[in-house]
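Accompanying notes for the structure given below.
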Amino acid sequence: MSDTDLQPAIADRPSLSPGKRIADWILANPAGFPLALLALTCLVVGAINPDFWQLANLFDVLRASVVEGLFALGVLVVLAAGGLDVSFSAIAALVMYTVTLIVSTLVPGLGILPILLAGLAGGALLGALNGVLINLLKAPALIVTIATQYAFRGFLLTFVGTALFMNIPASMTAFGQIALFSQVSADGLRVQFPAYFLIFVLAAIVTWALLNHTLLGRAVYACGGKPEIAARLGFNIARVRVFVFAWAGMLAGLAGILHVTSNRLANPFDLAGTELAVIAAVVLGGARVTGGKGTVGGTIAGVLLITLVDNVLIQVGIPSTWRTAVVGAFILLAGMFYAWVDRTAVGR
Amino acid sequence: MRGRSLDIQMVGLIAVNLAILAAAGLTVGERFLSPFNLQSMASQVPEIGLLAMGVMLAMIAGRGGIDLSGIALANLAGICAFLILGPIADSGMSGQVYLLAFGLLSLGVGLLGGVVNGLIIGFVGVTSIIATLGTQLLFTGIAVILTGGSAQTLGYVPALDDFANSPVLGLSPSVWMFLAVAAGLALWLRATKSGRLLFLMGSNHTAARFAGVRTRWLLVQVYMLSGAFAGLAGVVIAARTSSMKWDYGSSYVLVAILIAVMAGVRPEGGYGRVICVVLSATALQLLSSYFNFLALSNFVRDLAWGVLLLVFLAFSRADLSAYWSTAIRPRSKA
Amino acid sequence: QDAKDVVTVVKITGENWFTRMEEGVDAFDAENEGVNARQVGPAQADAAQQTAIVQDLVAQGVDALAIVPMDPSTLEGALRRAKGQGITVITHEAETMVNTDIDLEAFDNTAFGEHLNKKLVECMGGEGKWTTFVGSVGSLTHMQWAAGGIANAKENHPGMELVSESNESFNDPNKAYEVARELLRTYPDIKGFQGGSAIDVIGIGRAVEEADLQDSTCVVGIGLPQDSGQYLDTGAIDGIAFWDPKDAGYVMNKLAEMAMNGEEVNDGMDLGVPGYESVSVTPGAGDGIIVRGQAWVDVDASNWQDFPF
Amino acid sequence: MTQTDTDAPFLETRALHKRYGGVHALRGVDLTIRRGRFYHLLGENGCGKSTLIKIISGAQSPSEGRVQIEGVEQPATPDPIAALAAGIETVYQDLSLLPNLSVEENIGLTSQLVASGGRLAVRLRRGEMRALAARAAAEVGLPSDPAFLRTHVDRLPIATRQLISIARAVAAEAGLVIMDEPTTALTRREIAHLIGVIRKLQARGTALLFVTHKLDEAKEIGGTGIVMRDGQFVAELDIETADLAEVGELMTNRRIDQARYRAASPAAAEVARLSVDGLSRAGSYRDISFDLAPGEILGITGLLDSGRNPLALGLAGLAPPDAGQVRLDGRTVDLSDPSTGMDRGIAYVPEDRLEEGLFLDKSITDNIAMTVFDRLRGALGIVSMDRARILAREVADDLKIVAEDVDAPVGSLSGGNQQRVLIGRWLATKPRVLILHGPTVGVDVGSKDTIFRIIQRQAEAGMGVIIVSDDIPELIQNCDRIAVMRDGRIVETFDGARVDAGQLYAAIGGILETAETAP
Ligand SMILES: Nc1ncnc2c1ncn2[C@@H]1O[C@H](COP(=O)(O)OP(=O)(O)OP(=O)(O)O)[C@@H](O)[C@H]1O
Ligand SMILES: Nc1ncnc2c1ncn2[C@@H]1O[C@H](COP(=O)(O)OP(=O)(O)OP(=O)(O)O)[C@@H](O)[C@H]1O
Ligand SMILES: [Mg+2]
Ligand SMILES: [Mg+2]
């Protein structure tokens with residue numbers, strides 16, 4: 001028996017219809033769809049308003065993607081493992097406000113590194129609590145994280161504080177101001193590319209490496225694909241679950257700290273209500289709420305797309321009142337497109 | 001069904017309701033139990049109760065079903081009804097006719113939005129959480145575009161205001177309507193073919209399809225009903241606040257889910273009781289009003305809701321395992 | 001006789017503005033034996049939650065309500081029932097409210113907008129592109145300030161070119177920042193920003209500072225001194241004006257007490273609080289009256305340190 | 001693997017018991033496995049074979065008893081890693097593949113997991129995994145090019161998946177490889193190749209434990225046959241010299257030849273009850289034509305990928321055919337949706353009772369009455385649950401379903417009773433054609449008997465019956481005719497009264513022709 005015997009059975013590619021081929025390609029390249037939409041959006045906007053083509057716009061979109069992007073990376077990992085998290089914004093708010101408050105009242109001179117580490121640790125802890133609760137209650141992650149969202153935010157505003165404050169630690173202000181790149185445009189506008197963007201890049205690389213180059217990463221996908229089989233093959237599902245929520249929490253904590261550094265103020269009401277939009281961005285990037293799918297590249301493309309759409313409406317003269325409807329339409333389109341892909345691709 | 005008219009969940013919810021009433025009666029005194037306050041609290045239940053019933057239906061249908069678009073659709077429905085009719089002065093209608101027309105229009109928009117959800121979920125096959133997230137933004141967006149973002153003020157329309165606020169036989173008409181809708185829904189679920197098949201579909205979608213259930217149409221029906229409830233909620237909101245705005249009740253998305261889960265609706269599908277949803281909604285209302293009486297901040301209430309939800313989840317798990325071990329043992333080897 | 005219950009209901013609990021307002025409420029409470037004054041508010045800036053609180057307070061049978069509505073129209077029904085119950089209703093920042101006994105305005109909103117705009121014009125040297133921010137277009141006072149400003153610029157300063165008016169910040173400094181950046185990008189020669197919501201100037205200031213345009217742009221608006229201080233120092237914000245929420249809270253409660261005691265408020269009356277020494281009284285949208293002070297305070301880099309909030 | 005004393009058993013189990021709720025699946029099993037030997041676990045559906053395997057491989061823990069590997073007691077809690085580390089590899093009946101991962105990951109992940117002792121926070125050694133996967137794939141006859149190895153498993157056909165699952169076991173160079181019905185989806189050539197692979201493993205000192213229903217295939221491989229019945233071992237014998245009829249008797253505790261249920265013959269009719277003409281579905285089956293007379297029982301069999309399953313689904317309207325037509329009593333049936341066929345009187349009892357058939361947490365009443373709610377409606381379209389209960393009670397009595405309370409959840413019934421509830425649901429619709437897909441999978445002997453009698457009674461009453469099954473004895477016992485499918489076509493049709501099992505196996509193509517020579 002030779003290899004050729006089985007080839008036709010695996011997939012008779014030449015005879016595929018164009019639809020099937022597109023669907024196949026999308027499945028193999030999850031970032032393809034959001035990237036294509038991204039390119040299309042840029043071209044359309046650029047055609048309407050040639051001013052769109054400037055470095056500053058790129059910087060703006062990238063900068064505005066940092067917090068949402070960190071959230072999205074966490075959501076991706078949770079979705080890949082077959083869960084769902086809507087508590088990350090509450091975790092971020094709780095961590096950023098508490099850490100900033102404690103540091104600025106007790107050790108205002110603290111450097112940025114310990115502050116970032118505190119954010120990571122605090123977030124991871126709260127995230128792990130989500131995971132433990134989900135294991136313990138055997139309840140859907142969505143429901144449990146709705147509950148913890150209420151609990152975290154309620155705790156923050158009841159026991160920690162409600163006041164916005166501007167006198168954040170100097171190291172945080174300074175860190176938010178560091179520019180990787182600074183340029184004065186022809187119009188005399190200084191354009192800065194903030195250094196904290198590198199932290200997002202780093203987080204993306206680490207998440208990518210984790211998902212693709214550790215056993216844990218494979219366990220995450222295994223868990224999202226067929227948890228009972230993964231368990232039978234020796235993956236510790238409960239531990240994977242705690243891990244993914246801890247990871248999402250950790251990235252949320254980090255996002256919170258960066259949010260404060262870049263805004264130069266700590267507001268406990270910030271970030272609330274961003275949950276569903278972040279999930280939408282991750283889904284736009286090719287992850288499925290049914291679990292087991294999704295890539296870092298796709299997720300970043302999804303976040304960039306949503307941020308871009310959010311940011312360019314003014315430039316093409318669409319009234320800002322249209323923003324919500326446009327984003328909603330994008331999400332519906334993406335949902336329908338992926339439903340079609342899943343139905344059409346070979347071997348389903 | 002026999003044996004389940006009084007289940008643990010229901011007993012628990014009744015107990016919680018009574019406990020809050022008792023605690024409030026003891027600590028803040030008679031004012032809490034005065035007819036006026038009871039009536040006032042009752043009049044706050046319908047809008048969120050209707051939305052929670054929509055969420056419950058989506059959850060019963062199984063496969064992680066959920067409806068996130070409820071409040072967005074309710075606001076859109078009210079806004080559309082108002083924009084079509086115009087202020088009462090311009091419409092030249094009598095109060096009652098205006099109320100009826102407003103109600104029908106709002107209901108119609110709700111139904112339409114629900115059908116859109118149903119088609120996207122049932123026929124295009126988009127996961128309900130993504131589909132209703134998309135339509136939530138879309139409905140909200142349309143409402144913003146239609147109104148330019150500003151509130152639409154109805155002004156004082158006595159018929160509409162009475163609908164939400166003037167007690168008839170102890171409760172305002174909107175509460176009676178809510179109870180009637182709840183009873184109708186309970187009847188639909190328990191005693192009609194579609195309703196009973198819905199529970200079966202939620203329990204095992206594949207088996208339902210294999211047994212010839214038209215699962216797609218059933219899904220359309222579910223989201224259509226949910227949309228209709230949103231439309232009715234739109235009327236109640238308009239009547240209660242004399243105005244409509246695109247972002248009214250932004251907290252309702254999660255509160256509706258909270259109510260459904262506290263009512264023991266199983267998020268994995270196949271189980272849920274209307275009476276429990278009503279009781280769960282009243283429990284949250286009682287707690288919320290009680291906290292307002294105590295002048296506790298709303299943050300404490302949020303914290304309490306979150307913890308309460310976790311407690312209910314823990315409670316339902318414990319209850320379930322107990323059910324299995326006691327239900328099986330006595331009967332084996334009869 | 002029992003002390004009278006007066007409850008102040010604010011848009012959202014915990015924000016600095018309303019925390020400052022609570023100081024006024026507490027001060028009034030401390031000074032007046034016959035009144036039990038306290039402040040409550042929803043956890044989220046959500047009209048539905050505010051309505052629920054008001055409804056519960058009405059049912060509870062408090063003696064007077066002093067309300068800063070999220071969205072005045074949403075509260076009409078609940079407040080009409082409050083009045084039906086014999087509850088005294090005072091509102092703030094809600095000139096169009098029908099079901100209120102007294103609406104308190106710190107000043108004439110159009111005049112305040114004009115005032116802000118005058119500062120802006122002065123800073124800009126009377127010409128250049130400028131724009132307005134509002135918390136949301138549904139926010140009545142913000143729109144009035146913008147309108148007052150626009151009217152001033154149109155009538156008196158032909159060199160002022162208004163672009164992309166009424167940008168919404170949704171009371172989020174970060175959103176204000178993003179919108180401001182985008183405006184700087186779209187209109188590189190924009191010179192002036194008039195803020196509406198109290199946090200608008202913070203976001204705009206940050207955008208201006210990052211673009212290194214502190215010296216060539218002008219940012220004025222409503223804001224709180226401590227929040228805006230660091231940007232006032234760098235010149236990213238050129239000036240703010242505000243009315244002290246503490247005084248407003250105090251005066252609302254005072255008006256409530258007067259109304260409950262059947263005392264009348266007359267044109268030119270002195271309410272004993274700075275800025276409200278000679279209030280104007282005009283008929284309101286319903287049966288009630290509108291009471292206005294001249295309570296705005298101008299703050300810039302030189303004096304922001306004088307304010308503790 | 002170190003070559004230890006070959007006489008010391010590699011694996012021993014002592015007095016294993018397993019209970020699932022009220023089901024006593026294993027009742028004291030003592031198993032001994034030595035290196036380099038072949039074992040065949042033989043027994044009827046539901047006798048506990050898979051359960052035993054799951055316990056040995058650490059996927060489940062026994063209710064009582066213990067498992068020792070090379071003298072070492074295995075942990076009492078389920079611990080797949082410990083079993084894998086001890087050298088036990090399992091190819092499960094459901095293949096245990098992770099659909100959203102690639103071929104190389106499915107083959108190579110577990111060995112890295114074992115190497116790390118279950119710790120997850122370690123680097124994935126991709127190169128190593130790829131090399132291992134390529135080697136193992138080549139060994140079982142799969143392509144080993146990177147493009148194939150990177151394909152996600154859910155996009156491959158079932159036969160390929162089965163080989164991947166076997167490749168995983170081969171890759172591990174285990175002390176014991178367990179294969180639970182490993183050849184159901186394979187063609188004869190693939191099986192021949194597989195047997196070659198197995199012999200190589202044996203030469204390395206690996207023991208193999210097969211679970212199979214194909215006695216002839218077991219005979220061809222050789223080794224020790226272990227016969228199970230009702231959760232117990234009833235005999236151990238040398239499979240090569242064993243008499244297959246005797247083995248069958250041991251398995252079922254009955255003489256097989258007395259068991260033909262079919263006594264009546266179909267009624268003569270002008271118009272066929274069901275007439276299938278040129279039915280095709282791309283990639284599944286082609287050009288299927290047959291007539292079914294009223295009262296006739298037609299069997300359809302074939303290998304897993306022969307097209308029998310899609311055909312069954314196609315007739316039920318669950319996977320609509322692309323071409324051809326089906327007439328019921330002379331009128332064309334629309335098969336685009338299950339409900340349309342159902343309305344015309346086609347009933348389909350699915351193969352997978354738990355996934356596709358029953359609503360386990362719902363009452364017996366709901367499970368039975370759901371197809372006929374229309375008939376139970378009274379005023380205002382209200383469904384009368386009292387009438388539903390009466391109906392359920394009648395069906396339960398008629399089909400001898402042991403249930404005191406028709407309001408009890410179906411999940412509380414034993415497998416045989418559950419299957420009868422499912423059949424009862426469809427009989428309640430009074431269908432003209434009843435399609436039974438694997439009607440007795442996982443059903444014990446007593447229940448089988450009851451179900452066969454029900455089937456015969458329906459046929460005698462004039463219903464057309466189609467049984468789609470891979471259980472050869474069941475077909476011979478019940479059918480007038482048996483159609484055999486291969487590569488999507490009906491290749492041969494036998495007379496049920498005359499055919500013997502050997503002929504059928506040969507036609508199916510699942511075993512080697514030489515097996516025919518068995519007595
Ligand atoms: N998870 C479970 N819960 C309840 N009962 C179970 C479970 N798994 C197996 N059983 C029951 O245990 C018995 C033995 O099942 P097992 O799967 O071991 O049979 P088998 O011999 O492998 O059958 P087959 O030849 O059909 O694969 C059956 O009656 C089955 O219904
Ligand atoms: N999960 C369960 N809940 C309640 N009763 C159960 C459950 N599982 C099994 N039983 C009862 O335990 C008894 C023993 O189960 P078992 O599978 O051995 O049935 P059985 O007597 O062989 O029946 P059958 O011949 O129909 O398979 C059954 O009568 C069944 O009603
Ligand atoms: Mg088995
Ligand atoms: Mg049995």
Side-chain angles (χ1 to χ4, degrees), chain A residues 84 86-87 90 133-134 136-160 162 268 272-273 275-277 279-280 283-284 288-291 319-340 342-343, chain B residues 63-64 66 68-69 72 116 120-121 124-131 133-149 246 250-251 253-255 257-258 260-261 266-268 296-314 316-317 320-321:
Chain A
L84 197 57
V86 294
S87 71
L133 282 172
I134 288 162
L136 222 60
L137 300 176
K138 293 186 177 54
L142 171 68
I143 308 296
V144 172
T145 53
I146 285 178
T148 53
Q149 184 202 42
Y150 271 85
F152 291 154
R153 187 160 284 126
F155 179 86
L156 166 66
L157 297 169
T158 309
F159 298 111
V160 185
T162 57
E275 308 85 24
L276 296 180
I279 293 172
V283 169
L284 206 56
R288 305 286 193 280
V289 278
T290 42
S320 60
T321 45
W322 282 70
R323 185 192 147 265
T324 317
V326 170
V327 174
F330 259 87
I331 288 165
L332 280 181
L333 275 180
M336 293 191 205
F337 179 76
Y338 284 122
W340 171 81
D342 286 348
R343 238 180 303 121
Chain B
R63 291 199 162 171
I66 201 153
L68 302 172
S69 67
V116 169
I120 294 175
I121 293 162
V124 187
V126 182
T127 339
S128 63
I129 184 166
I130 293 303
L133 172 61
T135 51
Q136 178 206 41
L137 294 172
L138 192 66
F139 295 154
T140 306
I142 295 174
V144 175
I145 293 169
L146 287 177
T147 61
W246 60 274
S250 46
S251 56
V253 179
L254 296 184
V255 178
I257 299 175
L258 182 71
V261 173
R266 245 182 251 149
E268 54 270 40
L296 282 177
S297 94
N298 271 206
F299 310 128
V300 182
R301 185 205 58 187
D302 282 5
L303 182 60
W305 280 3
V307 174
L308 204 60
L309 179 51
L310 289 175
V311 169
F312 263 87
L313 283 176
S316 69
R317 295 300 132 174
L320 204 67
S321 52

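Chain A is the first sequence line, chain B the second, and so forth, proteins listed ahead of strands; every chain is numbered from 1.
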Looking only at Val283(A), Val86(A), Leu133(A), most heavy-atom pairs under 4.5 Å shared with chain B are made by Val283(A)
When only pairs under 4.5 Å are counted, which of Gly306(B), Ser251(B), Ala143(B) shares the most heavy-atom pairs with chain A?
Gly306(B)
Pairwise distance CG(Leu313(B)) to CG(Leu136(A)) - rounded to 0.5 angstrom:
11.0 Å
Checking heavy atoms, do the side chain of Leu254(B), its backbone, both or neither come under 4.5 Å from chain A?
both
Below 4.5 Å, heavy-atom pairs only: which of Ile146(A), Thr324(A), Thr148(A), Val144(A) has the largest tally toward chain B?
Thr324(A)
For Val261(B), is it the side chain, the backbone, both, or neither that has a heavy atom closer than 4.5 Å to a heavy atom of chain A?
side chain
So what's closer than 4.5 Å to chain A heavy atoms on Thr147(B): side chain, backbone, both or neither?
neither
Gap between atom CG of Asp342(A) and atom OG1 of Thr127(B) - 0.5 Å precision:
8.5 Å
Engaged part of Leu142(A) at the chain B interface, taking heavy atoms whose separation is under 4.5 Å
side chain
Where Ala280(A) and Ile331(A) come nearest, the two heavy atoms and their spacing:
CB-CD1, 3.1 Å
Which portion of Phe159(A) sits near chain B, non-hydrogen atoms under 4.5 angstrom
side chain
Backbone N or O of Leu284(A) within a donor-acceptor pair of the Tyr338(A) side chain at under 3.5 Å?
yes
As an exercise, state the distance from CH2 of Trp305(B) to CG of Asp302(B), rounded to the nearest 0.5 Å.
6.5 Å
Can you say whether Leu296(B) sits under 4.5 Å from chain A via the side chain, the backbone, both, or neither, judging by heavy atoms?
neither
Most chain A-contacting option - heavy-atom pairs closer than 4.5 Å, from Ile145(B), Val144(B), Leu309(B):
Ile145(B)
Chain A: which of Gly134(B), Gly64(B), Ala131(B) shares the most heavy-atom pairs with it under 4.5 Å?
Gly134(B)
Quick check against the 3.5 Å criterion: does Gln149(A) have a side-chain atom that pairs as donor or acceptor with the backbone of Ala147(A)?
no
Ignoring hydrogens and geometry, is there a side-chain-to-backbone donor-acceptor pair from Ser128(B) to Ile66(B) under 3.5 Å?
yes
Region of Val311(B) in contact with chain A, defined by heavy-atom distances below 4.5 Å
neither
Rounded distance (nearest 0.5 Å) linking atom CD1 of Ile129(B) with atom CG of Leu276(A)
7.0 Å
Check whether Ile257(B) gets within reach of chain A through its side chain, its backbone, both or neither, counting any heavy atom under 4.5 Å.
side chain
Got more than 12 heavy atoms from elsewhere within 6.0 Å of CH2, Trp322(A)?
no
Based on non-hydrogen pairs under 4.5 Å, which of Leu138(B), Val300(B), Leu258(B) is most in contact with chain A?
Leu138(B)
Taking side chain as everything from C-beta outward and backbone as N, CA, C, O, which of these in Ile120(B) sits under 4.5 Å from a heavy atom of chain A? Side chain, backbone, both or neither.
side chain
Distance col, row Ile279(A):CD1 vs Ile130(B):CD1, nearest 0.5 angstrom, shows 7.5 Å
